[in-house]
Structure formats: C-alpha cells, structure tokens
Amino acid sequence: MDKIGIYYFRSLYSQSACSLSVGKFSDFLINRGYKTNLHLLKNDNHIGMIEEHEDMLKNDIIIYKTNYKDFEYGIRLFENILTNSNKLFYLAGPFAIMNRERILKKYSFVKDVIDIQNSDEISKIFPSLGNIIKKNTIICGIDREIEKNEKGHYINLEASMGCIYNCAFCHIKLMNYAKIEKNIELVVDEIETLHRKLGKKYFIFNDSIFWKNDKDNQRIEQFVELLKKKKIPIYFMIYLSLTIKISDELLEKLRDVGLIRVFFGVENISNNFSVQNNKYISATDTEVFISKLEKLNIGYHIGFMLFSKETRYEELQENIDFLYKLKKLFRPGMLVEKMRILPNSKNSKYLYNDDTQIDQAYNYFIDDPKVERYYQILNQLFLNINIRNFEQFFSGIKIALTILKREKLIDSYNSYEREYYRILNVINDGVYNILSSELRNMEITKEEIKTIKDLYSIAEINYIKFMSYLKNNNKEIYETIPHGTEDLNVW
C-alpha cells in the first residue's frame with residue numbers, strides 16, 4: 001500500500017497548471033517512503049482518460065484534490081472508475097474539508113477527507129515506511145512532476161502562506177491556516193533553480209499578500225538585492241492589498257527586478273458591500289494605485305464581484321461605471337459569478353439546502369428581486385460566449401505588451417499596440433451599452449445576444465493576429481505568456 005496517485009483539475013487558466021499544495025504533499029509522502037505520481041485532469045476528456053484510467057488503477061491509494069468548480073464532474077468520474085475496486089480513495093482541498101460531512105454522507109466510496117496542508121494529520125494517515133523515495137521532479141521541497149512537462153516558461157511559487165485579513169467571502173481565514181514566511185534566500189534560490197532546470201521565466205507568486213505592511217520592507221529589500229546580485233532575467237506577478245499601501249519606492253524597486261503584474265482585490269466599490277463583507281477599498285484608492293502601476297509599466301488584474309446577497313439595484317450602475325472607467329468589461333467572470341457564501345461563515349444561515357449537490361455556496365436569493373433578476377439576465381447573456389477566452393484575448397496581449405516594453409522591443413509592435421487599445425475600447429463600449437440597457441429595461445434582446453457574439457469574434461481575431469506575429473518574431477516571449485486554456489500545453 002505504498003503507491004499513491006494524486007489527481008487534480010486546473011482551476012486558474014491564467015497561471016501555471018501546478019498545484020503547490022499537491023507538490024508539497026507529494027514531497028512529504030516521498031520522505032515517508034511512499035511512491036507518488038501526480039496527474040492533471042481535464043473536464044470531458046474521454047480520449048485522454050482511456051490511458052489515464054488504466055494508470056489510475058495501478059495505484060494502491062488515490063487522492064483527488066478538488067475545488068468547487070470541478071467537484072460534481074470529478075466525483076462521478078472517480079466513483080464510476082473505482083466501481084468494484086478495492087482502492088483507498090481520499091478527497092483533499094479546502095472545498096472538500098469545508099463540506100466533509102455532506103461528502104462522506106453522500107459518497108460511501110470516499111474513505112475520508114484529508115487536509116494535505118496539515119503534517120500531523122497526514123502523518124497519522126500515512127505512517128512512515130522507514131525509507132525515502134528518490135524522485136527527480138522534487139525541486140526545493142516541491143514535486144514539480146506536472147510543471148516539468150509544461151512547456152510554457154511560467155510557474156507558480158510562494159514566499160509565504162496564510163493571510164492577515166478576514167474577508168467574508170474568502171476560505172483562507174475559515175481554514176485557520178498558520179501564517180508562515182519562507183526564508184527569502186530560499187525563495188530566490190528556488191527561482192534560480194526553476195529558471196536553470198526548467199527554463200521558467202515568469203514567476204507567479206501565489207501568496208495571499210506578497211507585501212503586507214512596512215514590517216515586510218526589509219524582507220522585500222532583501223528579495224530585490226538578491227535578484228540583482230544573481231542577475232536572473234525573470235518576470236514575476238504578486239498579490240497585494242490596498243488596505244495598507246506599498247510605497248512608491250518599493251514598488252519601483254520590485255519593477256526593476258522583474259515585476260510585471262499585480263493582482264489586488266477591489267471586489268465592489270459600494271459602501272454597503274464594504275460594511276457587509278469587511279472589505280474597504282474605495283474607487284479613489286484603486287484609481288490612484290492603478291495610475292502608479294501604469295506609470296511604472298506594471299500590468300494589473302483586479303478581484304471584483306458585482307453581486308452579493310445584499311447588493312442593491314442602485315449600486316449596480318455605480319459598479320458597472322467603475323469597471324467601464326477601468327476598461328475591464330472584457331472580464332464577464334466578475335459579472336456572472338455572485339459572491340460565494342461559505343459553510344460555517346456568518347451568512348451561511350441564508351443558504352437553502354439542495355441535496356442533489358454538495359456545493360451550497362450559491363444557494364441563496366439576492367435580497368433585492370430586481371438585482372436577482374438582473375443577475376439572471378447577465379448569466380443568460382454571457383452563456384453565448386466563452387468568457388474565459390474573452391478575458392484571455394486582452395489579458396494575454398497586455399502581458400505581452402508589458403514585457404515587450406520592458407525589453408525595449410515595442411517599436412516593432414506599435415501598430416499592434418494601437419489596434420489592441422482600439423479593440424479594447426470597442427469591446428468596453430459595446431459591453432457597457434448592453435449592460436446599461438439591460439439594467440434599464442430588465443430584459444435581454446436577440447440583438448444584444450448577436451452583439452456580444454460579434455464583439456467576441458472581433459476580440460478573438462485581434463488576439464490571433466497579435467499572437468501569430470509575436471510567435472513568429474519573439475517566440476520566447478510568446479511562450480512566457482500563460483495560454484489561458486485548460487490544457488497543459490497548446491504547442
């Protein structure tokens with residue numbers, strides 16, 4: 001009983017396909033004498049599963065790290081593959097942990113739900129076998145078996161774990177994970193090793209917050225100095241919070257050693273949302289910070305949600321106007337997914353029960369019936385296009401333009417840059433007009449459906465033309481940009 005297969009689906013298409021928690025878990029098991037193999041699954045991949053399911057059944061133990069997006073598909077997949085099998089099957093991941101009781105009650109073939117980030121719990125379930133397995137995909141304490149086969153020059157990593165904030169919609173605080181910081185010298189050593197061994201150039205930090213407050217200044221200064229000393233030619237992305245603002249000086253230093261993109265959560269600019277969800281970020285703070293980033297040629301990505309249980313009708317246009325001003329209406333995912341109410345959170349009492357599924361986090365009606373109706377209208381509208389692709393058509397090009405400017409190669413792309421911004425304005429205006437019309441009239445028309453399909457096609461062709469030119473002229477940069485699909489590789 002020493003061979004363990006660990007499976008998961010890709011959740012974020014804008015990053016590497018790796019799961020850091022799975023990679024660390026695999027390393028832990030290897031050091032206890034277990035043989036592990038990691039597998040990236042894909043939805044509706046019946047052709048790929050012809051061989052995959054045979055390999056799966058060669059394991060003694062199977063562990064599926066799930067999230068709310070893939071659970072209903074994944075649990076049925078494993079249930080049917082493992083019929084009449086004596087394999088031990090475990091679930092892992094925050095979603096499974098928060099829904100443990102419901103899962104074990106409904107699915108008898110699940111042995112248990114385990115917290116793969118809790119070494120004490122893992123040790124009880126998987127006692128040491130008295131030896132250490134050698135595996136050549138272990139790099140700096142993380143099993144990079146998946147990333148070794150990922151051709152793109154990008155990879156996920158982390159410099160810290162846990163979060164100091166308590167946002168109502170986030171699972172991290174509910175999981176009560178410890179706040180841990182890695183030695184910054186080890187972080188830079190890991191970057192250097194991944195660059196040398198796997199050819200990675202774009203490092204996507206998965207820390208909840210890369211810089212928390214001024215207490216982190218010395219740590220970040222050390223990070224900057226070490227990167228300068230080692231002269232590693234990289235780019236990286238970090239998560240920040242605007243609750244406490246990083247200094248202009250420190251931001252510029254990070255830019256100088258490769259920072260090209262920042263993710264920060266705005267969520268919603270209405271005062272009502274801020275009070276209800278313990279998230280206080282104003283439109284003004286956001287715009288001031290974005291202006292700083294743009295001056296430094298640093299791209300940005302915001303967390304945002306238009307709908308929550310308490311959203312009021314009069315707040316909708318205010319938030320749509322804000323996204324329009326930022327030219328972020330190419331991201332319908334922010335518009336069609338209402339806030340999740342997590343199990344055991346303060347608002348979980350508002351959820352109604354649905355025994356046909358495990359996830360209950362969307363099982364509520366918005367207080368304002370007009371807002372609930374508008375939520376349904378927007379979901380109906382955006383079902384007509386692939387919203388993940390729609391976002392990639394702009395996010396992918398923006399990352400490329402940022403790198404091209406950083407490398408002083410932009411002169412060859414001037415006409416493509418102008419066209420990108422022209423198309424961005426066309427899409428932003430077009431989506432805004434549809435959203436505003438539907439908000440006024442509270443209905444969706446056939447013409448609006450046609451228009452959103454037309455806008456999608458315009459954006460798609462522009463993306464194809466840009467990326468074709470980039471691939472032919474600067475292939476290294478082309479391969480440094482996440483491709484935005486569920487596949488591990490696209491070339």
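Heavy atoms only: backbone and side chains are in, while hydrogens, waters and symmetry mates are out.
Partners of N297 by side-chain hydrogen bond (donor to acceptor under 3.5 Å, both in side chains), not counting sequence neighbours: none found. With sequence neighbours left out, F263 forms a side chain to side chain contact (heavy atoms under 4.5 Å, CB included) with M237, Y239, H301.
Remark: the backbone N or O of F9 is not paired with any side-chain donor or acceptor of K65 at under 3.5 angstrom. One N or O on the side chain of N384 and one on the backbone of L381 form a donor-acceptor pair closer than 3.5 Å. Distance alone, capped at 3.5 Å, is enough to place a donor-acceptor pair between the N80 side chain and the R76 backbone.
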May I have the step-by-step check of side-chain contact (heavy atoms from CB on, under 4.5 Å) for I246 and F210, ending in yes or no?
CA-CA 10 Å; I246 191 170; F210 188 77; over 6 Å; no
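Of the residues listed (E150, E147, R144), the one engaging S16 in a side-chain hydrogen bond (donor to acceptor under 3.5 Å, both in side chains) is E150, and it is the only one.
In summary, the aromatic rings of F382 and F390 are positioned with their centroids too far apart to meet the 6.0 Å limit. For Y235 and Y154, the gap between ring centers reaches or exceeds 6.0 Å. Between F466 and Y420, the distance from one ring center to the other does not fall under 6.0 angstrom. Between Y469 and Y413, a ring centre-to-centre spacing shorter than 6.0 Å is recorded.
Under the 3.5 Å distance criterion, with hydrogens and angles disregarded, no donor-acceptor pair is assigned to the side chains of S26 and E145. Between the side chains of Y64 and D70, at least one donor N or O lies within less than 3.5 Å of an accepting N or O. Side-chain atoms of Q392 and Y463 include a donor-acceptor pair closer than 3.5 Å.
Q15 and R10 make their closest contact through O-NH2, 2.7 Å (heavy atoms, listed as atom of the first residue, atom of the second, distance).
Sorted by first then second residue, the salt bridge (charged side-chain N to carboxylate O under 4.0 Å, His left out) pairs that include residues 82-96, not counting sequence neighbours, number zero.
Between the OG atom in S308 and the CD atom in E267 there is a gap of 11.0 Å [rounded to 0.5 Å].
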